[in-house]
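Notes follow the structure.
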Amino acid sequence: MPPSVQVLNSALSHNSRTGRASVVSAALDGGGGALPSCNLDSLGAAAAQLVEDMEDQQVVADRVLLARLVLLREELRLRSQQVEAHGFTEQAARAATENSSLQRGTTAHSTQGHHREEGIRNNESATGNRFFAFHRSNLPARCAAFVKELLLVPEKDRRLGLLSKAFQEDWVGEMAPPYGSKQQSHKETQEAATTIGRGLKDVSGTHQDLRPDSLDIVRPGRFVSTLLAMQAEFEQRLVSSEFALGESGEHTLRVLRQLEIIRLEALAVLDRMQAHQLASSGLKGVSGSTSLTEYEADMQV
């Protein structure tokens with residue numbers, strides 16, 4: 001068994017985020033005992049591959065394991081972001097120091113160039129496509145449609161219930177918010193729909209994931225990956241100023257905030273699933289226990 005899989009197997013024996021993090025930290029620090037040493041790149045790649053392998057089966061044999069594995073993949077991704085941010089800070093400090101010594105001649109200049117190239121290589125490694133496999137060119141059609149439908153559901157409990165049912169049953173339903181419930185105003189709904197349609201026109205357009213129709217279903221790993229790809233696309237558009245100014249920019253920021261809320265809600269549902277605390281009723285939220293899971297506590301912050 002490869003070292004990365006051994007580490008993941010050990011981490012997956014814990015149903016708490018803290019327990020999984022301690023195993024990963026020990027492996028990154030050199031391992032010990034039966035736990036081998038492993039780097040973050042290898043762990044991320046292995047976790048992503050395991051999620052994909054499980055979700056590409058017609059039937060998911062163990063949904064509790066899949067939920068925990070998707071959470072672990074997300075935890076590794078966030079850890080990678082922290083490492084990347086720390087690396088950027090160190091690189092900026094080093095560049096500032098070297099800039100002050102440019103007058104010493106070409107040696108300092110060459111060293112600076114070397115560090116810049118090293119930083120670029122490290123950045124490429126840190127942001128590589130090892131955690132999720134979807135970009136604008138191959139979003140799963142049903143996951144993308146499910147995200148856009150969730151964006152138009154204003155009630156938190158209903159979104160949680162729909163996510164719960166989808167993750168338990170590979171289910172996608174027609175989800176227009178029910179009449180009689182507290183809904184967004186017609187103007188707000190139209191604005192959101194217009195922004196979503198404009199922003200995702202290319203993201204979920206003609207270039208779709210080519211897996212067979214029988215496997216184009218909402219499963220948690222694909223769903224989280226789809227959310228991340230959509231968030232990245234909107235952020236890129238804001239940076240490129242396509243939507244940065246005026247009313248369109250405000251709408252885009254609103255959708256970005258809502259996508260992040262849905263991501264946190266999806267992780268909270270998965271946390272309940274992997275901790276065996278999910279309520280049996282599919283559309284009544286995830287209140288199977290009175291205590292908050294770690295991810296639900298994050299949502300309260």
Side-chain angles (χ1 to χ4, degrees), residues 15-17 20 51 54-55 60 62-75 77-78 132 140 142-185 188-189 192-193 196 200 217-231 234 254-301:
N15 69 358
S16 72
R17 180 171 58 185
R20 294 189 293 271
V51 170
M54 288 190 72
E55 295 194 338
V60 177
D62 189 338
R63 291 185 182 272
V64 170
L65 176 61
L66 176 59
R68 193 172 298 172
L69 183 56
V70 173
L71 288 175
L72 178 56
R73 184 190 67 174
E74 180 70 0
E75 289 154 10
R77 184 185 69 82
L78 294 175
F132 53 95
R142 290 184 184 171
C143 282
F146 191 46
V147 171
K148 287 189 280 186
E149 290 173 340
L150 285 170
L151 284 168
L152 299 177
V153 175
E155 306 94 344
K156 173 185 173 181
D157 286 346
R158 180 164 167 76
R159 289 194 305 271
L160 290 171
L162 292 165
L163 286 164
S164 169
K165 189 169 182 65
F167 292 167
Q168 289 182 86
E169 303 177 11
D170 297 336
W171 173 84
V172 178
E174 296 85 11
M175 307 177 11
Y179 289 104
S181 63
K182 182 181 179 182
Q183 301 184 36
Q184 294 168 302
S185 69
E188 290 174 333
T189 301
I196 295 163
L200 299 179
I217 50 184
V218 176
R219 283 179 172 166
R222 278 178 214 150
F223 179 81
V224 173
S225 295
T226 300
L227 274 173
L228 292 171
M230 287 180 169
Q231 287 177 295
F234 272 112
R254 185 187 309 163
V255 174
L256 269 172
R257 286 192 292 267
Q258 190 63 18
L259 286 172
E260 178 61 14
I261 289 171
I262 292 172
R263 187 186 70 86
L264 292 174
E265 290 171 349
L267 296 179
V269 169
L270 292 173
D271 204 13
R272 285 279 176 177
M273 286 178 65
Q274 65 89 33
H276 304 283
Q277 293 177 318
L278 191 60
S280 58
S281 53
L283 291 178
K284 295 184 179 179
V286 289
S287 54
S289 170
T290 56
S291 61
L292 293 177
T293 68
E294 290 171 294
Y295 282 95
E296 287 175 320
D298 288 347
M299 292 168 58
Q300 307 300 313
V301 176

Partners meeting side chain to side chain donor-acceptor pair (under 3.5 Å) with Gln258 (sequence neighbours left out): none
Counterpart residues, side chain to side chain donor-acceptor pair (under 3.5 Å), relative to Glu260 (two or more places apart): Gln231, Arg263
What's the separation between atom [atom1] in [X] and atom [atom2] in [Y], rounded to the nearest 0.5 Å?
{"X": "Ser16", "Y": "Arg68", "atom1": "OG", "atom2": "CZ", "value": "9.0 Å"}
{"X": "Leu69", "Y": "Leu270", "atom1": "CG", "atom2": "CG", "value": "10.5 Å"}
{"X": "Lys156", "Y": "Ile261", "atom1": "NZ", "atom2": "CD1", "value": "9.5 Å"}
{"X": "Leu264", "Y": "Asp271", "atom1": "CG", "atom2": "CG", "value": "11.5 Å"}
{"X": "Gln274", "Y": "Leu65", "atom1": "CD", "atom2": "CG", "value": "10.5 Å"}
{"X": "Ile262", "Y": "Leu267", "atom1": "CD1", "atom2": "CG", "value": "12.0 Å"}

Any side-chain heavy atom of [X] sitting closer than 4.5 Å to one from [Y]?
{"X": "Arg142", "Y": "Arg222", "result": "no"}
{"X": "Glu149", "Y": "Leu162", "result": "no"}
{"X": "Phe223", "Y": "Leu163", "result": "yes"}
{"X": "Leu228", "Y": "Glu74", "result": "yes"}
{"X": "Glu55", "Y": "Leu66", "result": "yes"}

Evaluation steps, side chain to side chain contact (heavy atoms under 4.5 Å, CB included), between Arg219 and Val70: CA-CA 10 Å; Arg219 283 179 172 166; Val70 173; over 6 Å; no
Pair Leu71-Tyr295, side chain to side chain contact (heavy atoms under 4.5 Å, CB included): steps then yes or no: CA-CA 10 Å; Leu71 288 175; Tyr295 282 95; 3.7 Å; yes
CA sep, side-chain torsions, deciding dist, call: Leu150, Glu265, side chain to side chain contact (heavy atoms under 4.5 Å, CB included): CA-CA 11 Å; Leu150 285 170; Glu265 290 171 349; over 6 Å; no
Donor-acceptor contact present, side-chain [X] to main-chain [Y], <3.5 Å:
{"X": "Arg73", "Y": "Val51", "answer": "no"}
{"X": "Gln168", "Y": "Ser164", "answer": "yes"}
{"X": "Glu169", "Y": "Ala166", "answer": "no"}
{"X": "Arg159", "Y": "Val153", "answer": "yes"}

For Ile217 against Cys143, the heavy-atom pair lying closest together: O-SG, 4.0 Å
Counterpart residues, side-chain contact (heavy atoms from CB on, under 4.5 Å), relative to Arg63 (two or more places apart): Val60, Asp170, Met273
